[in-house]
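Quick notes on the structure that follows.
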Amino acid sequence: AAARPAPVCVDIAADDSDGEVLEAPAEPEPIRVDSSEYRVWVRRALPPEFITGWWVCEDGDEQFREDEPGDWMMYRDPSLGVPYWYNAQTEEWFYATTTG
């Protein structure tokens, strides 16, 4: 059997009947960082209407959205100038970028 061709994405609202084929934007690569508790946190993008990120601990124990962080607060490391997340309840922290 022949392989099925990939679907064609066309922006109907912008269709001027010239046959232009548009590609869906690529989803950003997840950010993976290690925490002070030696756990790996992964930042995933949420759908555009949220305009925020979603952090998930790989051990499956915890997660939070950046716009509703719960016990997590974002700070800036004064020596590196990069943001980090800190949980005052557990004293765990991790950099919000791979730069830290």
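As the structure is a computational prediction, the values presented were derived from the model and not from experiment.
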Next on the checklist: I need the Asp71 CG to Phe64 CZ distance, nearest 0.5 Å.
Outcome noted: 10.5 Å
Item to check | Results of side-chain hydrogen bond (donor to acceptor under 3.5 Å, both in side chains) for Asp77 - residues two or more places apart only | outcome: Ser79, Tyr95
Checklist entry - In the hydrophobic cluster built from side-chain contacts under 4.5 Å, what are the other members alongside Val40? => result Val42
Checklist entry - In chain order, what residues pass the ring pair (Phe, Tyr, Trp, His ring centres under 6.0 Å) check against Tyr86, with sequence neighbours excluded? => result none
Item to check | With Glu68 via salt bridge (charged side-chain N to carboxylate O under 4.0 Å, His left out) - residues at least two apart | outcome: Arg65
Item to check | For Arg32, side-chain hydrogen bond (donor to acceptor under 3.5 Å, both in side chains) partners two or more places apart | outcome: Glu58
Checklist outcome for this item: Residue set satisfying side-chain contact (heavy atoms from CB on, under 4.5 Å) with Met73, at least two apart, ordered chain then number -> Tyr75
Item to check | Residues which pass side-chain hydrogen bond (donor to acceptor under 3.5 Å, both in side chains) with Gln63, listed by chain and number, not counting sequence neighbours | outcome: Trp54
Checklist entry - Are Leu80 and Met74 joined in one hydrophobic group, where the rule is that I, L, V, M, F, W and Y side chains link up if heavy atoms are under 4.5 Å apart? => result no
Next on the checklist: Tell me which pairs pass salt bridge (Lys or Arg N to Asp or Glu O under 4.0 Å) where either residue lies in residues 82-97, with sequence neighbours left out.
Outcome noted: Arg39-Glu92
Next on the checklist: For Ser35 versus Trp41, what's the shortest heavy-atom pair and its separation?
Outcome noted: CB-CD1, 3.8 Å
Checklist entry - Can you tell if the side chain of Trp55 reaches within under 4.5 Å of the side chain of Trp85, non-hydrogen atoms only? => result yes
Item to check | side-chain hydrogen bond (donor to acceptor under 3.5 Å, both in side chains) partners for Trp72, two or more places apart | outcome: Glu62
